[in-house]
**Q** 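Pasting in a structure now, in structure tokens, and then I'll have a few things to ask.
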Amino acid sequence: MPVTPLAARSRIPATSPTSAPPDLGPARALSCRECGATTPLGPFYACAECFGPLEVSYEFGSVTRESIEAGPANIWRYQGLLPVPSTVRDTPNLEPGATPLVRAHNLGRELGMRALWVKDDSANPTHSFKDRVVAVALAAARELGFTTLACPSTGNLANAVAAAAARAGIRSVVLVPADLEQQKIITTAVYGGTLVAVEGTYDDVNRVASELAGDHEDWAFVNVNVRPYYAEGSKTLGYEIAEGLGWRLPEQVVVPVASGSQLTKIDKSFGELASLGLVDGSPYRLYGAQATGCSPVSAAFKAGHEVVRPVRPDTIAKSLAIGNPADGPYVLDSVRRTGGLVEDVTDEEIVAGIRLLARTEGIFAETAGGVTVATLKKLLDAGRLDPDADTVVLNTGEGLKTLDAVAGVVGPAATIAASADAFEATGLG
Ligand SMILES: *Cc1c(COP(=O)(O)O)cnc(C)c1O
Ligand SMILES: [Zn+2]
């Protein structure tokens, strides 16, 4: 159970008991995932009773397939299921989502699968799934009176926060580990916010952010003090998968695990769709995927533990390199409850996974996509995933962000003089 100091809670006057409750759509309260105690909607993330993490709870109005389909081609088509103000569509934002659900015939054939899809979330505005969570966090943060968007990040979140703040016309403050990929530093700095490189791991950066959140009351650290709202953005991945399959749930989903939030929210989204009658509640299994060099959740799963012991990350999959994952125990709950599991793959397997997806489907994934594809293959090879079940594998980020992962292993077949004869001489014709 991660414990968050109450001192880090924000104290924004907008949440005083005398002011009107915020307009966060169908959201009604925050409830503790450990003890169930409820807290009014506000910039809170830790339970006052037990320090457990808070989660948004809802009273949904009428949401139908038709009302969703009549909405815009971005995550706001699911506005009625998200903790965002009614004005969200009129406020400048990056409008993420509506990414392709690719029927992966070639990859499926190569792996011996009957029906495989790749949910390609690299097709978001800053080329990772993080645009979804940041858009929801930004909308909620503005409603709660914050004036600056901030985050500690392993890279993709930095891109998404800096770009979203630029579009919204507000300040951003982004903290990253100093050893981050050059591409991700440049693709954050270019948006012009405040970017600070911290000498340490992501977990060190996260600690600094938690301390700063206590001192700067008007800074919304998207994944710290407004985390309950931020996390809900991941539900849109699940909604899109179900809608993309023609309003039904897949039987198996392979999901990357960093903090673990995404996997647990895909689980939540499927449950909501079923309870609203938007899909029938057919069973599904969730499979968590980690890099062996940072696999605390996989290790806990394999050992049969309910808690996750922190590790020091050492992997090329930097976007997943969270050694102390806040939602790790809840990932264990989700995979065990649905009959799935958590597995991890080596850096070599990750590179092979990136190349396999690129070669078979024309999709260039970042290392996190290499992790999920390699995990899919590993589980199939071991007979631990059903090749005949409808399966979705997530690619959550763009390969151009992690060029170094493959720079040493792919390149031209030959370098030749500028003549057709020289080409023919290579034997490649
Ligand atoms: C952040 C991230 C994830 C997973 O995030 P969680 O912290 O587990 O929700 C997956 N893929 C990419 C590319 C990411 O940047
Ligand atoms: Zn509690």
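Indexing begins at 1, ligand by ligand and atom by atom, following the structure's order. These values consider heavy atoms only, across backbone and side chains, with no hydrogens, waters or symmetry-generated copies.
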**Q** Which value, rounded to the nearest 0.5 Å, describes the distance between N206 atom CG and I322 atom CD1?
**A**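 So the CG of N206 and the CD1 of I322 are separated by 7.5 Å.
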**Q** Would K302 and E343 satisfy salt bridge (charged side-chain N to carboxylate O under 4.0 Å, His left out), going step by step from the backbone distance to the final call?
**A** CA-CA 8 Å; K302 291 173 183 174; E343 185 52 277; 2.7 Å; yes
**Q** When you look for heavy atoms under 4.0 Å from ligand 1, do you find them on the side chain of L320, its backbone, both, or neither?
**A**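 It is the side chain that touches ligand 1; the backbone stays farther off.
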**Q** Considering only heavy atoms of G260, which atoms of ligand 1 have at least one such atom less than 4.0 Å away?
**A**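 Answer for ligand 1: 6 (P), 7 (O), 8 (O).
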**Q** In terms of residue, atom name and distance, what is the protein heavy atom nearest to atom 14 (C) of ligand 1?
**A**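 Result: K130 NZ, 2.9 Å.
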**Q** Show me which atoms of ligand 1 lie under 4.0 Å from any heavy atom of A368.
**A**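 Under 4.0 Å from A368, ligand 1 has these atoms: 11 (N), 13 (C).
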**Q** Would you call E55 and K265 a salt bridge, using N to O less than 4.0 angstrom?
**A**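 Judged by the 4.0 Å cut-off on N to carboxylate O distance, E55 and K265 do form a salt bridge.
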**Q** Could you tell me whether N156 approaches ligand 1 through its side chain, its backbone, both or neither, with non-hydrogen atoms closer than 4.0 Å?
**A**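 The answer is the side chain of N156.
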**Q** Give, rounded to 10 degrees, the angle between SG (C35) and SG (C47) as seen from the Zn ion (ligand 2).
**A**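 Once rounded, the angle between the two atoms at the Zn ion (ligand 2) is 110°.
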**Q** Distance to 0.1 Å, residue and atom name: give those for the protein heavy atom nearest to atom 12 (C) of ligand 1.
**A**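 Checking every protein heavy atom, the shortest distance to atom 12 (C) of ligand 1 gives T396 OG1, 3.3 Å.
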**Q** Would you sort out whether K235 and E232 count as a salt bridge (charged side-chain N to carboxylate O under 4.0 Å, His left out), showing the intermediate values?
**A** CA-CA 6 Å; K235 293 194 305 179; E232 295 294 291; 3.3 Å; yes
**Q** Calculate, to the nearest 0.5 Å, the distance between atoms OG1 and NZ belonging to T396 and K130 respectively.
**A**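 T396 OG1 to K130 NZ: 7.0 Å, rounded to 0.5 Å.
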**Q** Could you tell me the residue and atom name of the protein heavy atom closest to atom 6 (P) of ligand 1, and the distance to it rounded to 0.1 Å?
**A**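 Atom 6 (P) of ligand 1 sits closest to the protein heavy atom S259 OG, 3.4 Å.
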**Q** Between SG of C32 and SG of C50, what angle is found at the Zn ion (ligand 2), rounded to 10 degrees?
**A**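 Vertex the Zn ion (ligand 2), arms to SG of C50 and SG of C32: 100°.
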**Q** Side chains of Q183 and E366: does their closest heavy-atom pair fall under 4.5 Å?
**A**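 No. Closest side-chain heavy atoms not under 4.5 Å.
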**Q** Determine whether a donor-acceptor pair (N or O, by modelled atom type, separation under 3.5 Å) exists between the side chain of N225 and the backbone of P43.
**A**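 Flag not set: sc N225 to bb P43 has no pair under 3.5 Å.
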**Q** Does ligand 1 have an atom that lies less than 4.0 angstrom from a heavy atom of S128?
**A**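 Not so, S128 does not reach ligand 1.
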**Q** Can D381 and K378 be counted as an ion pair, charged N to O under 4.0 angstrom?
**A**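 The answer is no: the pair does not qualify as a salt bridge.
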**Q** Numbering the atoms of ligand 1 from 1, which are under 4.0 Å from a heavy atom of S319?
**A**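 Close to S319: 13 (C), 15 (O).
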**Q** Can you report which non-hydrogen protein atom sits closest to atom 9 (O) of ligand 1, along with the distance?
**A**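 Nearest neighbour among protein heavy atoms for atom 9 (O) of ligand 1, to 0.1 Å: Q262 N, 2.8 Å.
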**Q** Mind checking whether A258 has an N or O less than 3.5 Å away from an N or O of ligand 1?
**A**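 Yes, at least one N or O pair falls under 3.5 Å.
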**Q** Closer than 4.0 angstrom, basic N to acidic O: yes or no for D327 and R227?
**A**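 The answer is yes: the pair qualifies as a salt bridge.
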**Q** Just jot down the ligand 1 atoms closer than 4.0 angstrom to any heavy atom of S261, in number order.
**A**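 Answer, ordered by atom number: 6 (P), 8 (O), 9 (O).
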